Every structure is written in C-alpha cells, then in structure tokens.
**Student:** 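Quick one: structure below, then a few questions.
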Amino acid sequence: MGHLTVRQRLAALFTGALLLGAALTSSASAQAPEPTTWTGTWATAPTTVPKTDTTAFHDQTIRQIVHTSIAGSVLRIRLSNEFGKQPLKIGEVHVARRASGMDEPTIDPATDRELTFSGKSSVTIPAGAPALSDPVTLRVPARSDLVVSLHLPESTPGSTVNSFSAQRSYIAAGNVTGETKIEPQSVTERWYFLTGVSVRATSAGPTATGSSGTGKASAAVALGDSITADTTLGTNHRWTDYLAQRLQGPGGPRHPVGVLNKGISGNRLLHDPNPPAGHPAEAYAAYFGESGLKRFDRDVASQPGVRHVLVLLGVNDLGHPGNIAPLSEKVTGQDLIDGHRQLIARAHERGLRIYGATITPFKNDTLGFYTPENAAARQTFNHWLRTSGEYDGVIDFDAALRDPADPERLLAAYDSGDHLHTNDAGREAMAQAVPLRFFK
C-alpha cells in the first residue's frame, strides 16, 4: 500500500468519526425507552390524623374502591406515607376492575394485576414520602370503578388518610389482595395510603379515534373543601364526577381530560386546622388538612398531566374563626383575595391555567358560618373574582346556585339541608357552570 497524503488521512479520519457517531446514535436510539405520558384519572388529598385516632392495621388487607375519570391502557398508582412517623411497609398490592353487578369488594378476576415497585412485590415507604408503582397493562374504562387492595403485614398506624371519602373501603384479615371476593372484618368510609391513579390515556367518548395512547391528554385538578369533596355515599356524584361526564360528551374537548378531586372537608385556604384548646374539634380538625396554600405543590402542581386548576376555597376561612378556630384567624375579603393571588402566581409560574370559583351562598346555615360581616366579605371576594381578570377564567358557582329571591341563600332545589352544602342536583348544576372552553 502506498503512502497516504495528509489530506487523505484527514478525510479518512473524518469519515470514520461520522460512521462511529452514526453507530453510537443508532445504538442509543435502540436502547432508549419510549417516553410515556402519564395523566391522572383519579386522586384524593391526604391528611394527618388527630391524636385521638389510634386506628392501626396488622396483617390485614385494605380493599379500596376508586372511580376513574378518563380511560387508559396502562396504569400506575401512588401510595403515600407523607404523614407517617415511621416507615410504611406494604406487603403486596393488587389492582382490578370491580365486578359488574356484584357487591363492591368483589373484583373481576380476569382483570386482576399484581403491582410491583422497582420490580418487587413489596415496598417500604420512608416516613414523609410517597411511592409510585411500576406500570402495569390493564384496560381502564372511563368513569369506572377500580379496586386497589393493599396488604399491611406489620403493625401499621393509619396515619395518612382521607377521612371523608363518601366511599366504602373494606378491611379483611390476612393477605387477600388477589382474592375475587373477601369477607370484611370491618367497613370504613376512608381511603388509606392511596392518593392517586394515573394512566397512559386513551381516547374515549364521541371524539374517540381509537384506543392508542395519546400524549395530548391532560388533567384538571379541583382544589377545594367539602363542597368539592361531597357526594352521596357510594354514588360518585361529586361535581367533579359530573364534570368528567360533561368533558366526555358533546361539546367536550378533542382529547381526554382527567378530573382529579383534591377537595378536603373543612379545608381552608389560609390556615391549617387550629382548634381552640379543649374544643371538641380537637378530635377531628386534623382531618381538615393543611391549608390550600401549603398543599398546593403536592396536591395540585405535582399531579401527572396537570394543565388546568379549578379553585373553590374560602367559605371555611370565613366560617371557622370563632366557631372551630380561634377568632385571631378571622379573615377579610381582601385576605382571601391576597391568598388567591398567591395561587394564581404559583400556577402561572408552572405554566398552568387556573380558574377561580365564586364562593357560594350560606345564609342561615346550620354550622354557624353566616354573619352579615362574612356575607360582605364573600361579596367583596366574588366581585374581585368576577371583575379583576386575574384568574384565567371565572366559574360562577354563586350565580348558578343562589336563590334569586334571596341571593345570600342557596336555592332550595340545590340545598342538602344545611343551607351550605349542595345536594346531587346542586352538584350537577355546579358542573354545568364550568365553561368547557377552558379545556379546549
């Protein structure tokens, strides 16, 4: 072989580098995992428990029912030990669809899936932390019931909970996570340790184009109090459930929108629970959860696929002081406005669209919230919300629910009976008041 010129050697080196680069790129592409877009289909907000709550589990299974919003082909769950003081050991977890036409704790065995965490069937979650399961393939229909069964092999305090689920959960002896039907030792209306289900979303409803995963799905998180959390027991008639139904019907968006209910009964925007010493509320106020401002990052901003935020908070800030909170925590309409401005700023910092809801009427409520001063603060806040343009949009629940003959009162047809909370008809009217254009 003859001697190569300097130019020929440089050309050969350059060509070799290009070939090597192409080979490395091809190899990396072959090994890189396909990106998966996760979107929440169900969620709840966890709280701590008061000192008087000594609920504990030992070698028991908690079988919990949750109601999805959007469909998916692959799912994962989120467990939480965020209010635990010790590591939380989960022995085994199964998920399945609820058996049609059967009692609630019965699963469809063909849909039963054992979940893993980093490839293992058990997981120990440090105090203060959450845990995500590995993905599992399971067809999840929109607006359907899933059954999640957790086995707790060791003595486990029930420290992370949503105590106002309005949905029955079932406690059984031993590890029966994979059983089709269980024999409960007890029934509770709480969700323990389970805070979310996310899916690789599939299209559903009148705009469906097939069952392939879609990266255009998004989630809407409803941050609120009992008016958001409430439903008749076991019916899934929260206003957010009705909204999920509307979003999948005529006039809804082209792509799936999961609706995640982060309402907590008794929740306030500006203050954590703080019952006066010796007050009976010391036995239950902890279930009201951290303030909306404190829990926003966990309960809203970190939700999978979140793009929209719907906020209904303020009535407990007005009603609790002097009732089940100290008078020193009394707030004005301007205080509420300033707090909501913080939510707006934090949502916009993360690129989220955020919509504010007017505070609904509560004249003559049976909880002692109503005073002329509180009514005036409500009106101050609602006027700012409607006219300032600071939220990305307004949801006028007040206009949808008030009695035209006395605008400080709920319309009787929407009143649950305590003159503060809505009934099923009122919750459906709330969902109808949410403009669907927000989600398009």
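What's counted below: heavy atoms across the whole structure, side chains too, no hydrogens, waters or symmetry copies. Keep in mind it's a predicted model, so treat the numbers as computed, not measured.
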**Student:** Find out whether the Lys NZ or Arg CZ of R200 is both under 6.0 angstrom from the six-membered ring centre of W38 and within 45° of the ring's axis.
**Tutor:** no
**Student:** Under a 3.5 Å threshold, yes or no: a donor from one side chain and an acceptor from the other, between T360 and D398?
**Tutor:** no
**Student:** Is it true that T228 and W239 share a donor-acceptor pair across their side chains at a distance under 3.5 Å?
**Tutor:** yes
**Student:** Just by distance, with hydrogens left out, do Q334 and W384 show a side-chain donor and acceptor under 3.5 Å apart?
**Tutor:** no
**Student:** Hey, mind stepping through H348 and L352 against side-chain contact (heavy atoms from CB on, under 4.5 Å) and telling me if it holds?
**Tutor:** CA-CA 5 Å; H348 286 169; L352 304 177; over 6 Å; no
**Student:** Does W191 reach the side chain of V66, with side-chain heavy atoms less than 4.5 Å apart?
**Tutor:** yes
**Student:** Do R143 and N236 have a side chain donor and acceptor closer than 3.5 Å?
**Tutor:** no
**Student:** Among residues two or more places apart or on two chains, list those pairs meeting side chain to side chain donor-acceptor pair (under 3.5 Å) that have a residue in residues 349-358.
**Tutor:** T358-D396
**Student:** Only one of L115, L79, T177, T61 passes side chain to side chain contact (heavy atoms under 4.5 Å, CB included) with L150; say which it is.
**Tutor:** L79
**Student:** Any side-chain heavy atom of H58 within less than 4.5 Å of one from L152?
**Tutor:** no
**Student:** Can a donor-acceptor pair be found between the side chains of D53 and Y284 at a distance below 3.5 Å?
**Tutor:** no
**Student:** Would you say H419 and D415 are linked by a side-chain donor-acceptor pair, where the criterion is simply a distance under 3.5 Å?
**Tutor:** yes
**Student:** Checking T232 against D424 for the side-chain contact (heavy atoms from CB on, under 4.5 Å) test, could you report, in this order, the C-alpha distance in whole Å, the side-chain angles of both residues, the deciding distance, and whether it holds?
**Tutor:** CA-CA 7 Å; T232 306; D424 282 1; 3.1 Å; yes
**Student:** Salt-bridge test for R298 and E290: reply yes if a basic N is under 4.0 Å from a carboxylate O, no otherwise.
**Tutor:** yes
**Student:** For Q64 and Y192, does a side-chain donor sit closer than 3.5 Å to a side-chain acceptor?
**Tutor:** no
**Student:** Are Q185 and Q60 linked by a side-chain donor-acceptor pair shorter than 3.5 Å?
**Tutor:** yes
**Student:** Would you check if there is a donor-acceptor pair between the side chains of D134 and T116 at a distance under 3.5 Å?
**Tutor:** yes
**Student:** Verify the ring-centre separation between F439 and H255: is it less than 6.0 angstrom?
**Tutor:** no
**Student:** A side-chain contact here means heavy atoms from C-beta on lying under 4.5 Å apart; do V93 and E114 qualify?
**Tutor:** no
**Student:** Do I171 and V187 come close enough that some side-chain heavy atom pair is under 4.5 Å?
**Tutor:** no
**Student:** Is it true that a side-chain atom of R268 and a backbone atom of D272 form a donor plus acceptor pair closer than 3.5 Å?
**Tutor:** yes
**Student:** Given side-chain contact (heavy atoms from CB on, under 4.5 Å), test H271 with S291 step by step and report yes or no.
**Tutor:** CA-CA 5 Å; H271 291 95; S291 73; 5.6 Å; no
**Student:** Using side-chain heavy atoms (C-beta onward) and a distance below 4.5 Å, is V95 in contact with V147?
**Tutor:** no
**Student:** Could you verify whether a donor N or O on one side chain and an acceptor N or O on the other, from N162 and S165, lie under 3.5 Å apart?
**Tutor:** no
**Student:** So does K330 have more than 12 non-hydrogen atoms from other groups sitting under 6.0 Å from NZ?
**Tutor:** yes
**Student:** What's the shortest heavy-atom distance between A375 and Y370, and which atoms?
**Tutor:** CB-CE1, 3.6 Å
**Student:** Identify whether the distance between the nearest side-chain nitrogen and carboxylate oxygen of D108 and R98 falls below 4.0 Å.
**Tutor:** no
**Student:** Pair Q432, Y242 - check side-chain contact (heavy atoms from CB on, under 4.5 Å), show working.
**Tutor:** CA-CA 8 Å; Q432 290 292 330; Y242 287 115; over 6 Å; no
**Student:** Are any of the side-chain heavy atoms of I77 and L75 separated by less than 4.5 Å?
**Tutor:** yes
**Student:** Going by side chain to side chain contact (heavy atoms under 4.5 Å, CB included), name the residues that satisfy it together with D230, two or more places apart in sequence or in a different chain.
**Tutor:** S226, S265, H421, R427
**Student:** Please examine the side chains of D403 and L410, heavy atoms only from C-beta on, and report whether any two atoms are closer than 4.5 Å.
**Tutor:** no
**Student:** Tell me whether R378 is salt-bridged to E408, with the criterion being a basic N under 4.0 Å from an acidic carboxylate O.
**Tutor:** yes
**Student:** Is a side-chain donor-acceptor pair under 3.5 Å present for E92 with H94?
**Tutor:** yes
**Student:** Are side-chain heavy atoms of F296 and L223 found at a separation under 4.5 Å?
**Tutor:** yes
